[in-house]
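Below: one structure, written as structure tokens.
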Protein chains: 2
Amino acid sequence: MVQYGSSPLDLSFAALSDATRRGIIDQLGRGDESITSLADKFQMTLTGMKKHVQVLERAGLVVTQKVGRVRTCRLGKRGLKAEAAWIEAHRKLFEARFEALDDIISEMKQEGSDDSAS
Amino acid sequence: MVQYGSSPLDLSFAALSDATRRGIIDQLGRGDESITSLADKFQMTLTGMKKHVQVLERAGLVVTQKVGRVRTCRLGKRGLKAEAAWIEAHRKLFEARFEALDDIISEMKQEGSDDSAS
DNA sequence: TATACACTGAACTATATGGTTCAGTATGGA
DNA sequence: TCCATACTGAACCATATAGTTCAGTGTATA
């Protein structure tokens, strides 16, 4: 039996699965921003933006700091190392599979029956 | 205003945000599997496993083919290229930010007020 | 001091996710 | 032919997500 507990990757990949949040990361790559300016840029309520930022923060991708009444958001120091590592390791897995099985696969496709059924 | 539509990355990052599904990819890297054998290995009902496989399939990470009564799952040809590309591009963004701002940040930390408030 | 600004939190909506059970359908083998 | 196997689909549950509105709190500033 294979057992997998939940991990930090759960949080970061989930954070990255939303286009708005990937956009926020793009934006913060260009410079720090307040919640308000992000909300403006993404045409969203303050509250909505705050939630997105919280998701990114829980994932460690973004760090925030409140000074006065302004909360400033910037990219988190931990970066995307763990995610890059997982993806790279598995990208190789995919490729290894295809080097080994390329011809077998096309062979299977020939004799294939149902394929792609619901 | 910054506008981001939904993209294939939404589906693949969401697919990767679950430890079971990342485990399935690990497993398929070692060889093709039927839904039943995956369900056994991950101690889950057939129906539950089928759903996970469908999520991976919609994301293009896994391909399935039904022959007789067995549906065989294998890694999808499209692999993790797009995901790797996004992560790599942004990993550089993170690093660039820190090279430029490392000292400014630690300076901000000194004078910081609230930090890490809810 | 009064006002405007930036955020925060609670509450609500609609939809998705991760899982189950149960009742099928279709296939392979004795 | 009969039975077990492998999957499929519908229905249900609990929880999470993406967004909203509304009613605050705390901070700058005129």
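Letters go in sequence order (proteins before strands), and every chain restarts at 1.
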Exercise. Calculate the interatomic distance between F13(B) atom CZ and dA18(D) atom P; express it in whole Å.
Key: 15 Å
Quiz prompt | Spacing of CG belonging to D26(A) relative to NZ belonging to K41(A), to within rounding of 0.5 Å | solution = 12.0 Å
Quiz item: Salt bridge or not for E57(B) and K50(B), using N-O below 4.0 Å?
Solution: no
Quiz prompt | Atom of S17(A), atom of R22(A) and distance for their closest heavy-atom approach | solution = C-NH1, 3.6 Å
Quiz item: Hey, are the side chains of L16(A) and L80(A) touching, using non-hydrogen atoms and a 4.5 Å cut-off?
Solution: yes
Exercise. Can you measure from CZ (R30(A)) to CG (L28(A)) and round to the nearest 0.5 angstrom?
Key: 10.0 Å
Quiz item: Are OP1 or OP2 of dA6(D) and a side-chain N or O of K50(B) less than 4.0 angstrom apart?
Solution: no
Exercise. Encode nucleotides 25-30 of chain D as B, S and - characters from 5' to 3', where the letter depends on protein heavy atoms closer than 4.0 Å: B to the base, S only to sugar-phosphate, - to neither.
Key: -BBS--
Quiz prompt | Rounded distance in Å - NZ (K66(B)) to P (dA6(D)) | solution = 12 Å
Self-check item: Protein-to-nucleotide contact annotation, 5' to 3' order, nucleotides 15-25 of chain C [B base; S sugar-phosphate only; - none; under 4.0 Å, heavy atom]
Solution: ---SBBBB---
Quiz item: Under the side chain to side chain contact (heavy atoms under 4.5 Å, CB included) criterion, do M49(B) and D40(B) qualify, and how do the steps go?
Solution: CA-CA 9 Å; M49(B) 180 52 69; D40(B) 286 350; over 6 Å; no
Quiz item: Are any of the side-chain heavy atoms of L38(B) and H52(B) separated by less than 4.5 Å?
Solution: no
Quiz item: Roughly, in whole Å, what's the span from CG in L38(A) to P in dA6(C)?
Solution: 13 Å
Quiz item: Just how far, in rounded Å, is C1' of dT8(D) from CD of Q54(B)?
Solution: 9 Å
Quiz prompt | Mutual orientation of the aromatic rings belonging to W86(A) and F13(A) [parallel < 30°, tilted 30-60°, perpendicular > 60°] | solution = perpendicular
